[in-house]
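Okay, so here's the structure we're looking at.
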Amino acid sequence: MTLLRRLLGWLAPYSGRLALALLCMAAFAGLNVATAWLIKPFLDQGLFARPATDPERWAAFLKLAEIAGLLVGATILKAFAKYGSDYLTGSVGQLVIFDLRLALFTRLSRLSLKFYHARKTGDLLSRVINDVAAMQVMLTQIVGPASLSAVSIVGLSAWLVHLNWKLAAVALLVFPVAVWPIRKFGRALRRYSRQVQELASDLAAHLQETLGQMKLVQAYEGEDREIHRWRHKLLEQLSVTLRVLRVQARSSPIMETIGVIGFFFLILVAGWQIHMKGAMTGGELGSFIGTVLLLYPQVKALNGLWNNLQSGLSATERVFPILDEVPEVRDTPAAVVLPTFSTAIRYDHVTFAYREGEPVLHDLSLDIPHGSRLAFVGPSGAGKTTVIDLLMRFYDPDAGSLIIDGHDLRGVMVASLRSQVALVTQEVLLFNASARDNLLYARPGASHDAVEDAAAAAGAHDFLKALPEGYDTVIGDRGVKLSGGERQRLSIARAFLKDAPILILDEATASLDAASEALIQSALDQLMANRTVLLIAHRLATVRRADRIVVLEAGRIVASGTHDALYAQGGLYRKLCDLQFQEASTPQA
């Protein structure tokens with residue numbers, strides 16, 4: 001009920017539509033009762049009337065025609081009322097799902113990177129798409145068919161009591177008897193539905209992972225293995241889905257059986273009252289039975305709605321935790337705008353761990369003056385990228401502080417910090433959009449000339465103009481339609497367009513061959529001019545361009561200085577340099 005109340009709270013902005021929908025439902029229920037009411041005079045005064053004279057026969061015929069016309073009119077009005085209630089409630093359901101999906105994506109966009117470390121992308125996709133779709137079915141039926149059935153049941157039940165309260169008691173006894181199987185099957189259905197949704201998330205995650213790594217799959221002849229894994233997961237989902245179907249299939253015949261038994265006792269009681277007591281006319285009995293026949297489908301519908309409610313609630317249990325997730329990195333109420341960087345970046349005794357008890361950085365302290373170029377080197381896992389990620393505030397330190405121009409980054413607005421940092425990484429991050437849109441991601445609204453100037457500075461203008469549609473050519477998923485060097489130049493052009501005072505180069509040329517690196521290095525030299533630059537690199541050609549080199553090992557600074565000074569000292573830096581010299585001088589096969 002807590003989940004349901006929370007979900008229904010999303011209906012509040014659409015109370016006007018819901019009020020109109022309820023009016024349509026009330027009209028439908030009233031017309032249902034009117035239809036049942038008209039059955040009595042239709043039978044007693046029209047169809048079964050036994051007039052003795054011709055004028056009376058004509059009067060009976062005209063009465064029959066009048067009532068038949070009223071029945072037709074009531075049916076037409078019911079159709080309009082149902083159309084109104086269905087459209088209004090359906091539109092409310094769609095609007096709420098729109099709001100939910102927007103809220104989910106907004107929350108996912110704001111969550112810190114640590115949130116994504118323990119989650120599969122496919123699982124999150126399934127929650128946003130599949131689980132919200134299940135919630136849509138539930139919500140639409142709650143505000144639509146369920147409400148309509150409830151209003152109709154109340155109205156028709158009241159008419160039954162008015163006609164004959166004793167028969168009504170027999171007819172309405174079916175309700176409490178029907179509750180037991182509905183509740184029993186509902187619990188099982190909710191449990192199985194949650195399993196189906198979790199397996200659907202697993203399928204989505206597996207599909208996303210496999211399709212994203214298809215080059216690896218085919219290179220290692222893994223097609224048959226992946227097909228086998230996919231078949232196994234499908235069989236798991238099929239097994240649980242069949243259990244759901246069995247539960248749903250059992251509920252309908254049980255409801256039918258309860259209904260038939262109730263109808264049997266109803267006929268017995270009605271027959272006793274007519275034949276033994278003379279307490280009912282044929283028209284009253286016809287009206288009563290007609291009302292029961294109108295009532296029964298509404299009760300039966302509630303059983304199906306209950307099943308959908310259980311599936312929707314299990315989906316809700318997977319969606320709301322994401323909405324409740326609090327970003328680890330967020331603006332505090334007292335956060336201020338970070339002024340344009342002008343003095344220094346300072347790491348003050350910074351300690352950080354991705355997993356509790358396993359620090360990646362240990363008590364790291366470092367000053368980076370404005371306008372300087374600082375390179376980080378060290379073996380894999382030394383903490384180089386983590387140092388950069390903390391500066392971008394993808395994470396906050398577990399201990400210590402990161403300070404820019406005297407401002408602790410935890411006290412400044414995240415957007416004002418990131419607007420002053422441009423990032424170029426080894427893994428080029430591109431969208432399946434046009435080259436122009438990928439460039440404009442750095443500075444939305446930049447002019448056509450500014451975009452082309454940035455591309456020219458990065459050495460990307462010529463190849464972009466040569467594409468089939470020039471800058472407006474869609475470059476494919478992750479830029480797959482471009483070569484590695486072209487993707488990297490596009491990434492550098494994006495950094496040029498942002499024109500930020502702080503530049504981060506995270507192994508920006510590591511994946512390129514020597515020829516491509518030579519082309520890109522001149523672009524990088526232009527990009528680094530008059531900026532504060534933080535470099536992560538293994539290649540000495542890149543490292544030597546730094547004013548200072550910081551050597552990291554196991555999350556600690558073990559040495560710092562210029563290339564010549566560090567090489568002369570020996571230690572880890574010299575070992576890394578000698579290893580690179582050795583690799584460079586080894587003849588290639």
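This chain uses plain numbering: 1 for the first residue, then up along the sequence. The model shown is predicted, which means the values in this text are computed figures rather than measured ones.
Looking only at distances, a side-chain donor or acceptor of S365 sits under 3.5 Å from a matching main-chain atom of H349. Judged by distance alone, with hydrogens and angles left aside, the side-chain atoms of R574 form no donor-acceptor pair with the main-chain N or O of Q569 at under 3.5 Å. Remark: the backbone N or O of L482 is paired with a side-chain donor or acceptor of R487 at under 3.5 angstrom. N438 places a side-chain N or O within donor-acceptor distance of the main-chain N or O of F431, the cut-off being under 3.5 Å. Panel note: side chain R494, backbone A442; no donor-acceptor pair is recorded below 3.5 Å. A donor-acceptor pair is defined here as one N or O able to donate and one able to accept, closer than 3.5 Å; such a pair exists between the side chain of Q420 and the backbone of P339.
Taking both residues in full, the closest heavy atoms of Y573 and Y567 are given as CD2-N, 3.8 Å, listed atom of the first, atom of the second, then distance. Considering all non-hydrogen atoms of both residues, R107 and L323 come closest at NH1-O, 2.6 Å. Heavy-atom minimum distance, S112 versus P327: OG-C, 3.8 Å. Looking at every heavy atom in both residues, G561 comes nearest to L566 through O-CD1, 3.5 Å.
Not counting sequence neighbours, D398 has no partner by the salt bridge (charged side-chain N to carboxylate O under 4.0 Å, His left out) test. The side-chain hydrogen bond (donor to acceptor under 3.5 Å, both in side chains) search around R436 returns H448, D472, not counting sequence neighbours. Applying the side-chain hydrogen bond (donor to acceptor under 3.5 Å, both in side chains) rule to Y354 yields the partners T386; only residues at least two apart in sequence or on another chain are considered. For D477, there are no salt bridge (charged side-chain N to carboxylate O under 4.0 Å, His left out) partners, not counting sequence neighbours. H117 pairs by the side-chain hydrogen bond (donor to acceptor under 3.5 Å, both in side chains) definition with Y395, not counting sequence neighbours.
A heavy-atom distance below 4.5 Å is not found between the side chains of D389 and F352. The closest side-chain heavy-atom distance from L464 to L490 is below 4.5 Å. Side-chain atoms of V412 and V336, non-hydrogen and from C-beta on, do get closer than 4.5 Å to each other. Proximity of I404 to L391: side-chain heavy atoms (C-beta onward) are separated by under 4.5 Å at one or more points. For the pair V128 and I322, the minimum side-chain heavy-atom distance is 4.5 Å or more.
Distance check, rounded to the nearest 0.5 Å: CG of L503 to CG of N530 gives 12.0 Å.
A salt bridge links R318 to D123: one of the charged nitrogens lies within less than 4.0 Å of a carboxylate oxygen. Under a 4.0 Å N-O distance rule, the pair E236/K233 does not qualify as a salt bridge. Salt bridge absent: D396 and R410 never bring a charged side-chain N and a carboxylate O closer than 4.0 Å. A salt bridge is absent between R101 and D131; no separation between the charged side-chain nitrogens and carboxylate oxygens falls under 4.0 Å.
Environment of CD in E356: sparse, with no more than 12 heavy atoms of neighbouring residues, nucleotides or ligands closer than 6.0 Å. For F394, the CZ atom is densely surrounded, since the number of other residues' heavy atoms within 6.0 Å is greater than 12. No more than 12 heavy-atom neighbours from other residues, nucleotides or ligands sit within 6.0 angstrom of CG on D224.
Applying the salt bridge (Lys or Arg N to Asp or Glu O under 4.0 Å) definition to pairs two or more places apart or across chains, none involves residues 371-385.
A side-chain donor-acceptor contact under 3.5 Å links S401 and D408.
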